[in-house]
There are 2 protein chains.
Amino acid sequence: MRRDIFQAIADPTRRAIITLIALQAMTPNAIAENFNTTRQSVSKHLRILTECELVKQEQQGREIYYSLEVEKIKEVDQWVNQFRKIWETRFNQLDDVLSTLKKG
Amino acid sequence: MRRDIFQAIADPTRRAIITLIALQAMTPNAIAENFNTTRQSVSKHLRILTECELVKQEQQGREIYYSLEVEKIKEVDQWVNQFRKIWETRFNQLDDVLSTLKKG
DNA sequence: TACATTTGCAACCATTCGGTTTCGCAAAGT
DNA sequence: ACTTTGCGAAACCGAATGGTTGCAAATGTA
């Protein structure tokens with residue numbers, strides 16, 4: 001069962017979880033309270049997020065705090081980057097057209 | 001059947017298609033030749049990509065050329081952006097630690 | 001010790017997904 | 001007129017997905 005980050009962020013609940021724990025670590029119960037679903041369901045999502053290293057866990061007594069491995073999201077950024085060049089080039093071309101119109 | 005861009009880019013074949021047609025429009029047959037799959041399968045992927053407006057089509061005779069709507073990828077960039085702030089902040093904090101060590 | 005809380009995990013289920021096969025239609029070639 | 005080519009859509013299939021339920025393990029508390 002190969003997990004990759006793109007599959008992980010495909011699910012809207014998982015994206016919401018990521019946003020939720022981006023700033024502070026939270027327990028599965030606390031996370032589940034923010035959604036219209038069960039703790040077990042959240043637990044499954046956390047497992048997937050952990051498998052692809054988007055999330056790390058820290059045990060404290062009987063509670064487990066989950067937090068975001070924010071650096072991992074850079075992988076998505078890098079993928080987007082190859083297209084950024086394209087849309088910036090097109091913008092520059094538009095810019096050229098506009099300045100040509102201005103001069104003409 | 002609600003399509004969103006995150007679900008669209010979750011599939012590796014679809015990401016490959018996106019990269020393939022990023023620079024030049026291609027027909028389904030031409031795209032399929034680049035993969036280990038059938039034209040019909042590619043056609044299904046193209047349908048999904050079109051549904052969420054990642055791809056546009058242009059009919060030329062009996063051929064249909066598909067090309068990337070590169071601006072749409074900005075939506076992913078915007079999602080990543082909320083986390084970019086976090087990892088840049090952490091980098092600055094690390095920077096502070098390093099400069100403090102240097103001074104000390 | 002006895003009991004409650006927090007959690008992960010396995011089993012199960014309905015739905016969705018990705019792929020193949022088949023079909024029908026329209027455009028182009030002979 | 002007939003065949004070939006390029007295409008989308010529908011039917012079908014095995015696998016994966018997301019969710020629920022039930023249970024066991026570990027920790028904290030009376």
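Throughout, a chain's letter reflects where its sequence line sits, starting with A, and its residues are numbered from 1.
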Look only at the side chain of A/Arg15 and the backbone of A/Ile9, and say whether a donor-acceptor pair between them is shorter than 3.5 Å. yes
Interface with DNA chain D, restricted to residues 14-30 of chain B and to heavy atoms under 4.0 Å: B/Thr27, B/Pro28, B/Asn29
To the nearest Å, give me how far apart CD (A/Glu51) and C1' (D/dA16) are.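 That distance rounds to 13 Å.
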Could you state the atom-to-atom distance from CD of B/Gln59 to C1' of D/dT5 in whole Å?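 Result: 14 Å.
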Taking 4.0 Å as the cut-off, does a side-chain nitrogen or oxygen of [X] come that near to OP1 or OP2 on [N]?
X	N	answer
A/Gln7	D/dA16	no
B/Thr37	C/dG19	no
A/Arg47	C/dC9	yes
A/Ser41	D/dG18	no

Which residue lies more 5' along DNA chain C, comparing B/His45 with B/Arg62 via nearest heavy atoms: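 Closest to the 5' end, via its nearest nucleotide, is B/His45.
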Looking at B/Lys85 and B/Glu88, does any basic side-chain N land under 4.0 Å from a carboxylate oxygen?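 Not counted as a salt bridge, because no side-chain N and carboxylate O are separated by less than 4.0 Å.
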On the side chain of A/Gln40, is there an atom forming a donor-acceptor pair with the base of D/dG22 - under 3.5 Å, no angle test? yes
B/Lys44, nearest nucleotide to its side chain (from C/dG19, C/dT6, D/dG19): C/dG19
What distance do B/Asp4 atom CG and B/Leu54 atom CG have between them, rounded to the nearest 0.5 Å?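 Answer rounded to 0.5 Å: 10.0 Å.
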